[in-house]
Novice: 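One structure coming up, written as structure tokens, with questions to follow.
The figures here come from the full heavy-atom set of this structure, side chains too, leaving out hydrogens, waters and symmetry mates. Residue numbers run from 1 in the order of the sequence given.
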Amino acid sequence: MDNVDSSQVLMARQPIFDSQQKVVAYELLYRTEDAQEHALFSGSEATSEVLLNAFTSISDSGEQKRVPAFINLPRDLLVGKNLPEFSKKHIVLEILEDIEPDQEVIDAVKALHAEGYRMALDDFVYSPKFDEILKYCKIVKVDVMEHSSEELSKQVEHLKKQKVTLLAEKIENYEKLEECVDLGFKLFQGHFLSKPKLIKGKKIGSSQVALMQLIQELQNPKATPEALEELIIRDPALTYKLLRIVNSAGYHLVRQVESIAQAIVLLGLEQVKKWATLISMSSSKDKPQELTRSLLVRGRMCEEIAIALKKPNQGSFFMAGMMSGLHALLDIDRDAMLEQVPLGDDIKDAVTLGQGDIGQVLRNVVNYENGDWDLLPLDLDGPMYDNAYRASLDWTQESMQAMYE
């Protein structure tokens, strides 16, 4: 990533799911004001491809793959015919809602379609004036929170006649997701995966409690490998996974590790803490991998920022990022989860109140990953956050791959 222009800052990705909650694409979110106008397309074709590869490569169940990127296309880029040459199977050009479908736009869309590009219409509200452009744009994104259920049904009725793939965007809860599935939407986008199903009185499972106790012991600076081994071997699945991880190709060991104490010495306490948390998260079989992936990215990015700022207790930044969304994996209220989890007050205050150095970094990271640029401080170090985000994507991809080796 070193060859990427350092001025390329403030870009994140938001997943697009199919009906099975598998990631089939990412929309790239980037700032489009001041010097960042058309940030994604700055630099050479090679730079653009490096960026696309970094932001659309993932590991799913151990399989490395690259999914397409949805990229916002303002009018001047659409009609200016100055797009870089992208791999057409890895790009979907997203025509923004404020672009009027006049003849110039229709001609440009028709030409791009003839070149083999796939195109989507963003924040779409049906009107007959779009009939011509709909012949070439086969994905239509509908902001489902902007419509009542009746209005949404009417939009779908109009669009089904056009033989397009419907993408429901800005889904914020499971109820809306289920409604959109019933209406015939095939693709889904939004923050709904961060919302847990609230189940009154639900407790964290015994195996998860054991993992949380391990995480708490890992916070103890006087913890010994032998004491940690005693906690780990109580959970056969955790024992197996830690041994498998440390013996994986990623660590390039000359000989196999045969005991947990050996593994702890080789990995180090900070690494064991991260892996224990990852294993805890991945034990939720009914949850999409993207939720685990997004929390790993968040935790690692918080830690990367702490390292860059030379903050003490950098592992606590990682833990706060993870814990800020772990409740969704456990299907439990966040405050109820934190009452049951042995964590320091600095981490709990950061997660619940956004307080302290950890809380400030966590708030910035969450706003960054959501593309809420207006909520970031004016003096934010953009290149530092950009570098931390890219590094966290790489680390997460490697970590999830190691889980299945």
Side-chain angles (χ1 to χ4, degrees), residues 11-20 22-30 32 38-41 45 48-58 60 65-102 104-126 129-144 155-156 158-171 180 184-190 290 371:
M11 186 162 77
R13 67 186 194 182
Q14 187 177 41
I16 295 171
F17 301 89
D18 64 13
S19 58
Q20 303 302 310
K22 297 284 188 184
V23 176
V24 294
Y26 286 106
E27 179 176 1
L28 300 192
L29 311 171
Y30 56 99
T32 55
H38 309 157
L40 181 64
F41 300 102
E45 174 189 331
S48 298
E49 276 300 316
V50 168
L51 283 168
L52 281 177
N53 187 57
F55 281 81
T56 61
S57 294
I58 59 173
D60 268 345
K65 66 179 185 181
R66 182 175 170 188
V67 297
F70 279 60
I71 296 177
N72 292 335
L73 201 62
R75 183 187 175 98
D76 57 345
L77 274 177
L78 174 62
V79 302
K81 299 181 180 179
N82 56 352
L83 280 175
E85 276 290 333
F86 292 119
S87 169
K88 295 176 177 62
K89 71 176 181 178
H90 289 131
I91 203 87
V92 177
L93 301 176
E94 198 169 317
I95 299 170
L96 299 178
E97 67 275 10
D98 58 357
I99 297 178
E100 276 297 312
D102 55 32
E104 186 180 27
V105 166
I106 291 170
D107 291 344
V109 167
K110 188 175 179 180
L112 287 170
H113 178 267
E115 290 178 34
Y117 282 103
R118 289 176 290 172
M119 283 169 284
L121 292 169
D122 189 32
D123 279 350
F124 188 75
V125 178
Y126 179 75
K129 67 182 180 180
F130 291 104
D131 283 350
E132 183 66 20
I133 209 170
L134 279 167
K135 295 177 183 177
Y136 309 104
C137 297
K138 294 306 181 184
I139 300 172
V140 174
K141 300 178 71 174
V142 179
D143 183 344
V144 299
Q155 286 291 311
V156 170
H158 283 303
L159 289 167
K160 278 185 175 176
K161 299 171 186 175
Q162 304 291 336
K163 297 181 180 178
V164 295
T165 299
L166 296 178
L167 190 160
E169 60 178 335
K170 300 187 182 173
I171 295 178
C180 290
F185 284 87
K186 300 300 183 187
L187 301 174
F188 309 90
Q189 185 177 11
E290 183 61 28

Novice: State, yes or no, whether a side-chain contact exists between Val156 and Val142 at a heavy-atom distance under 4.5 Å.
Specialist: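 In short, these two side chains do not touch, never coming nearer than 4.5 Å.
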Novice: Not counting sequence neighbours, which residues clear side chain to side chain donor-acceptor pair (under 3.5 Å) with Ser57? List them please.
Specialist: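 Once residues adjacent in sequence are excluded, the partners of Ser57 under the side chain to side chain donor-acceptor pair (under 3.5 Å) criterion are Asn53.
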Novice: More than 12 foreign heavy atoms under 6.0 Å from NZ of Lys138: is that the case here?
Specialist: yes
Novice: Distance check, rounded to the nearest 0.5 Å: Leu93 atom CG versus Glu115 atom CD?
Specialist: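 Taking CG in Leu93 and CD in Glu115, the distance rounds to 9.5 Å.
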Novice: Indicate yes or no: at least one non-hydrogen side-chain atom of Glu27 is less than 4.5 angstrom from one of Asn72.
Specialist: yes
Novice: Run the side-chain donor-acceptor check on residues 106-114: report pairs under 3.5 Å with partners two or more places apart or on a different chain.
Specialist:
| from | atom 1 | to | atom 2 | distance (Å) |
| --- | --- | --- | --- | --- |
| Asp107 | OD1 | Gln103 | NE2 | 2.9 |

Novice: Nearest 0.5 Å please: distance from the CG atom of Asp122 over to the CD atom of Glu94.
Specialist: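 Answer rounded to 0.5 Å: 4.0 Å.
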Novice: Identify, with sequence neighbours excluded, every residue that meets salt bridge (charged side-chain N to carboxylate O under 4.0 Å, His left out) alongside Asp102.
Specialist: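 Partners of Asp102 by the salt bridge (charged side-chain N to carboxylate O under 4.0 Å, His left out) criterion, ordered by chain and then number, come out as Arg75.
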Novice: Taking only residues two or more places apart in sequence or in another chain, which ones pass side-chain contact (heavy atoms from CB on, under 4.5 Å) with Ile58?
Specialist: Arg13, Val23, Tyr26, Asp60, Lys65, Val67, Arg293
Novice: Quick one: closest heavy-atom pair of Pro15 and Gln189, and the distance?
Specialist: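 Closest pair (atom of Pro15, atom of Gln189, distance): O-CG, 3.6 Å.
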Novice: Using the test side chain to side chain donor-acceptor pair (under 3.5 Å), find all partners of Tyr126 that sit at least two apart in sequence or belong to another chain.
Specialist: Asp131
Novice: Does Phe124 have any ring pair (Phe, Tyr, Trp, His ring centres under 6.0 Å) partners at least two apart in sequence or in another chain, and if so, which?
Specialist: Phe130
Novice: Listed by chain and number, what are the side-chain contact (heavy atoms from CB on, under 4.5 Å) partners of Glu100, not counting sequence neighbours?
Specialist: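 Partners of Glu100 by the side-chain contact (heavy atoms from CB on, under 4.5 Å) criterion, ordered by chain and then number, come out as Lys129.
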Novice: Under the side-chain contact (heavy atoms from CB on, under 4.5 Å) test, which residues partner Ala12, sequence neighbours left out?
Specialist: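 Once residues adjacent in sequence are excluded, the partners of Ala12 under the side-chain contact (heavy atoms from CB on, under 4.5 Å) criterion are Tyr368, Trp373, Tyr389.
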Novice: Do Leu96 and Leu78 have side chains that get closer than 4.5 Å, going by heavy atoms?
Specialist: no
Novice: How long is the span from the CD1 atom in Ile99 to the CG atom in Asp76, to the nearest 0.5 Å?
Specialist: 8.5 Å
Novice: Could you grab the distance from atom CZ of Phe185 to atom OG1 of Thr165, nearest 0.5 Å is fine?
Specialist: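 Taking CZ in Phe185 and OG1 in Thr165, the distance rounds to 11.5 Å.
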Novice: Identify the heavy atoms of Val144 and Ala168 that sit nearest to each other, and give their distance.
Specialist: CG1-CB, 3.6 Å
Novice: Measure the spacing between NZ of Lys22 and CZ of Phe17 and express it to the nearest 0.5 Å.
Specialist: 11.0 Å
Novice: With Glu132, which residues qualify under side chain to side chain donor-acceptor pair (under 3.5 Å), at least two apart?
Specialist: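 In terms of side chain to side chain donor-acceptor pair (under 3.5 Å), with neighbours along the sequence ignored, Glu132 is linked to Lys135.
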Novice: The criterion is side chain to side chain donor-acceptor pair (under 3.5 Å); which residues satisfy it with Lys161, sequence neighbours excluded?
Specialist: none
Novice: Roughly how far, to the nearest 0.5 Å, is CD1 of Ile139 from CD1 of Ile16?
Specialist: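 Separation between the atoms: 7.5 Å.
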Novice: Name all residues meeting the side-chain contact (heavy atoms from CB on, under 4.5 Å) criterion together with Asp123; count only those two or more places apart in sequence or in a different chain, and write none if there are none.
Specialist: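 If we apply the side-chain contact (heavy atoms from CB on, under 4.5 Å) test to Asp123, skipping adjacent residues, the hits are Glu97, Asp143, Glu169, Lys170.
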Novice: Please name the pair of heavy atoms, one in Leu159 and one in Val164, separated by the smallest distance, quoted to 0.1 Å.
Specialist: O-CG2, 3.6 Å
